[in-house]
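To start, the structure under review is shown below, and the notes come after it.
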Amino acid sequence: MIEKMYKGLLRIFSILSVLISLSFYSCNQETTPELLTKDNLFIFTSELASSEYEGRLAGSEGYNKAAALTAEKFKSFGLEPLGDSAFFQFFNIEYNKINHLSFSNLTNNDSIIHYEAGKDFVARGFSGSGDIEAPVVFCGYGISRPGKGYDDYANIDVEDKIVMIFKEKPRWKLDNENIGHNSLRKKAKVAESKGAKGIIYISFPNAEEPQKPIGSVKHGKGNHLKDMPQIHVANHVANQIARESRTDLKKLQSYIDGNKQPKSKPLETIAHIFIDADYQKKKRTMNVVGMLEGTDDSLKNEYVVLGAHLDHVGNQGGKVLFPGANDNASGAASITAVADALSREKDSIKRSVIVVAFSSEEQGLQGATHFVKNSPVDRDHIVAMLNMDCVAHGDSIVLGSGRTSPELYKMARKTDSVNKKLVIDRTWGGGGADATPFYKKGVPTLYFATKNSYTHLHLPTDTPETLNQDLHYEITKLAYKLTKEISQGKYDGEKNE
């Protein structure tokens, strides 16, 4: 109890410190220092990660507030609006708000165990609604491919029951073919076709570090199953349910993976899942887009895009907030700070700089894809795209896309070499996250991230207190210097290799 009170007091003190700083910031706008300072980066990141913005689920009021705040900052810096309406570039997405969630288990000795949302389980972002109390059946990977000689649903009755299945697909193949689905929508469709009424997803019990229940709105393509509640439970919960039936999930996974054969079985327990969700097939959201026009008569018609996604995965039932401080309030704060810094030295900018806070990255890069398809400038004149995603947790800087944009990568490494030398050697080809749609259209890209950045990925613990403020400041400075150098014509462009 004392430990909880202590942690609570620390949390309150941290929030009060941020609010006092924000109050000072808003009351002294005329003499405010530029945003590109360690303290101001932390202040803006903390604000975006606060409960006021409700986890910034694309399409939600919380996200819209965050977008409006970002647009207001762009306007105050003197950026030119490039949206459909002022700074907003609108498009439609699928939307699902989890209004209520609960999960309990009736054991074989008739005791009821109630589980805690956010710690023991979460609802999947595109869970359907339902109030279901039913027996639980373990069905391996949830695959039904009788033509390939593998069917987790063969000779097992799941009619009107809840199935427990592995969230991931098998790491093995049959006849050199991947037979499973990463798409949970496809897994759910198979379960529904077999008569199941709900799904409990579990992480691999044999994994060295089984995935915790994470907030996620990446569910795959297909029709929404509005009456199919779906949750992801922590492994200690899955093991507890299995033990009630004298079942060892590790042994079951070992058998299935070792023999490439199903090992489905009914469990001696009854689970109760209640999910109330508000689903909309089309909900409007928006990118926030602004531009600093270059001063050179020729080069101002060429563009460098600096982007970061503003959205995260929201909250569930008013019980579980996914703050998304590192993912990606940090990146949104970084590009905003760079825009502010560049606006203070506009006369040195030759190429035009477009700054974009993307929506709906978490649902599958939808904001970046929409921007590329509906670019407000000639896409062929975009000379580079710099993306910032998860840039404030970890210990060093990672620059992706170096194998396919080697000149841009070398330029960044050279800039780093005269500063803190925080960039590690690891890189990759292609785009990565919101850089991907640009890469696919031939735009040279560079992906700014940090090493060991994903400790709290999509968890309620992704809070400002976990951030490495010094690293956040240094990676933002690097992005600022590189953006400035490209805008000054010091980069001649290249073709993706």
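Being a predicted model, the structure only gives us computed values, none of them experimental.
For the residue pair Ala308 and Ala332, the shortest heavy atom distance occurs at CB-N, 3.8 Å. Taking both residues in full, the closest heavy atoms of Ala123 and Gln316 are given as O-NE2, 2.7 Å, listed atom of the first, atom of the second, then distance. Annotation for Pro376 and Leu82: closest pair CB-O, 3.6 Å, computed over non-hydrogen atoms. The minimum heavy-atom distance linking Asn99 with Ala277 is given by the pair ND2-C, 4.0 Å. The minimum heavy-atom distance between Ser359 and Asp311, with the atom names listed, is C-OD1, 3.7 Å. Gly125 and Val217 make their closest contact through CA-CG1, 4.2 Å (heavy atoms, listed as atom of the first residue, atom of the second, distance).
With His232 as the partner, the side-chain hydrogen bond (donor to acceptor under 3.5 Å, both in side chains) test is satisfied by one option alone out of Ser203, Ser216, Ser127: Ser203. When each of Tyr303, Tyr447, Phe371 is paired with Phe438, the ring-ring contact (aromatic ring centres under 6.0 Å, His included) condition holds for Phe371 and for no other. Exactly one of Lys350, Arg351, Gln488 qualifies for a side chain to side chain contact (heavy atoms under 4.5 Å, CB included) with Asp296. That residue is Lys350.
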(message) If you apply the rule side chain to side chain donor-acceptor pair (under 3.5 Å), what do you find for Ser401 with Thr445, and how did you get there?
(response) CA-CA 6 Å; Ser401 312; Thr445 63; 3.2 Å; yes
(message) Assess the residue pair Asn452 and Asp395 against the criterion (side chain to side chain donor-acceptor pair (under 3.5 Å)); give the C-alpha distance rounded to whole Å, side-chain angles, the decisive distance to 0.1 Å, and a yes or no.
(response) CA-CA 7 Å; Asn452 299 320; Asp395 51 36; 2.8 Å; yes
(request) Step by step, work out the side chain to side chain contact (heavy atoms under 4.5 Å, CB included) result for Phe91 and Lys282. (result) CA-CA 9 Å; Phe91 60 101; Lys282 288 185 178 181; over 6 Å; no
(message) As a quick check of understanding, evaluate side chain to side chain donor-acceptor pair (under 3.5 Å) for Asp347 and Thr295, giving each step before the final call.
(response) CA-CA 6 Å; Asp347 291 345; Thr295 57; over 6 Å; no
(request) Test Asp340 against Tyr480 for side chain to side chain donor-acceptor pair (under 3.5 Å), laying out the working first. (result) CA-CA 10 Å; Asp340 181 25; Tyr480 154 70; over 6 Å; no
(message) Does Asp470 form a salt bridge (charged side-chain N to carboxylate O under 4.0 Å, His left out) with Lys38? I'd like the steps, not just the answer.
(response) CA-CA 7 Å; Asp470 291 325; Lys38 183 171 70 173; 2.8 Å; yes
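Classification of Arg185 and Glu94 as a salt-bridged pair holds, one side-chain N sitting under 4.0 Å from a carboxylate O. Between Glu54 and Lys65, no side-chain nitrogen of the basic residue sits less than 4.0 Å from a carboxylate oxygen of the acidic one, so the salt-bridge criterion is not met. With respect to the salt-bridge test (charged N to carboxylate O, under 4.0 angstrom), the residues Arg171 and Glu168 qualify. A salt bridge between Asp327 and Arg56 is absent, with no side-chain N of the basic residue lying under 4.0 Å from a carboxylate O of the acidic one. A salt bridge does not link Glu72 with Lys75: every distance from a Lys NZ or Arg NE/NH1/NH2 to an Asp or Glu carboxylate oxygen is 4.0 Å or more.
Within 6.0 Å of NZ on Lys420 lie no more than 12 heavy atoms contributed by other residues, nucleotides or ligands. Shown here is Gln469, whose CD atom has more than 12 heavy atoms of other residues, nucleotides or ligands within 6.0 Å. Atom CD of Glu209 has 12 or fewer heavy atoms from other residues, nucleotides or ligands within 6.0 Å. More than 12 heavy atoms of other residues, nucleotides or ligands sit less than 6.0 Å from atom NZ of Lys477. A 6.0 Å sphere centred on CZ of Arg284 holds no more than 12 heavy atoms belonging to other residues, nucleotides or ligands. Around CG of Asp378, the count of heavy atoms belonging to other residues, nucleotides or ligands within 6.0 Å exceeds 12. Within 6.0 Å of the NZ atom in Lys186, the count of heavy atoms belonging to other residues, nucleotides or ligands does not exceed 12.
With a 4.5 Å cut-off on side-chain heavy atoms, Phe204 and Asn235 do not count as touching. Looking only at side-chain heavy atoms (C-beta outward), Asp120 and Phe103 stay at 4.5 Å or farther from each other. Leu292 is not listed as a side-chain neighbour of Val355, based on a closest heavy-atom distance of 4.5 Å or more. When side chains are defined from C-beta on, Tyr63 counts as touching Thr285, because their heavy atoms get closer than 4.5 Å. The closest side-chain heavy-atom distance from Phe88 to Asn287 is not below 4.5 Å. Residues His224 and Asn96 have side chains in contact (heavy-atom distance under 4.5 Å, counting atoms from C-beta outward). Counting only heavy atoms from C-beta outward, the side chains of Phe121 and Pro213 never approach each other to under 4.5 Å. Using a 4.5 Å cut-off on side-chain heavy atoms (C-beta onward), Ser60 and Lys97 make no contact.
Checked against a 6.0 Å centroid threshold, the rings of Phe166 and Tyr201 do not count as neighbours. His312 and His458 have their aromatic ring centers within a separation under 6.0 angstrom. Side-chain rings of Phe358 and His309 stay apart, their centers remaining 6.0 Å or farther from each other. Under the 6.0 Å cut-off for aromatic ring centres, Tyr95 and Tyr279 do not qualify, their centroids lying 6.0 Å or more apart.
To the nearest 0.5 angstrom, Ser405 atom OG is 8.5 Å from Tyr439 atom OH. Taken to the nearest 0.5 Å, the NZ atom of Lys490 stands 7.5 Å off from the CE atom of Met411. Here the straight-line distance linking atom CZ of Arg124 with atom CD1 of Ile199 works out to 10.5 Å at 0.5 Å rounding. Note: Leu399 CG to Thr427 OG1 = 7.0 Å, rounded to the nearest 0.5 Å. Note: His370 NE2 to Ser375 OG = 10.5 Å, rounded to the nearest 0.5 Å. In this structure, Lys441 NZ and Asp380 CG are separated by 10.0 Å, a value rounded to the nearest 0.5 Å.
In this structure, Ser46 contributes its side chain and Pro464 its backbone to no donor-acceptor pair below 3.5 Å. The backbone N or O of Ala392 lies less than 3.5 Å from a partner atom in the side chain of Asn326, making a donor-acceptor pair. Checked by atom type and distance alone, the side chain of Thr369 never pairs as donor or acceptor with a backbone atom of Gln366 at under 3.5 Å. Listed for the Thr450 side chain is a donor-acceptor partner under 3.5 Å among the backbone atoms of His393.
Side-chain atoms of Tyr53 and Asn64 form no donor-acceptor pair, as typed in the model, at a separation below 3.5 Å. Glu465 and Thr463 share a donor-acceptor pair across their side chains, judged by distance under 3.5 Å alone. Of the N and O atoms on the side chains of Gln211 and Lys167, at least one donor lies less than 3.5 Å from an acceptor on the other residue. No side-chain N or O of His472 forms a donor-acceptor pair with one of Ser330 less than 3.5 Å apart. When only modelled atom types and interatomic distance are considered, Glu485 and Thr415 share a side-chain donor-acceptor pair under 3.5 Å.
By the 6.0 Å and 45° rule, Lys73 stacks over the aromatic ring of Phe44.
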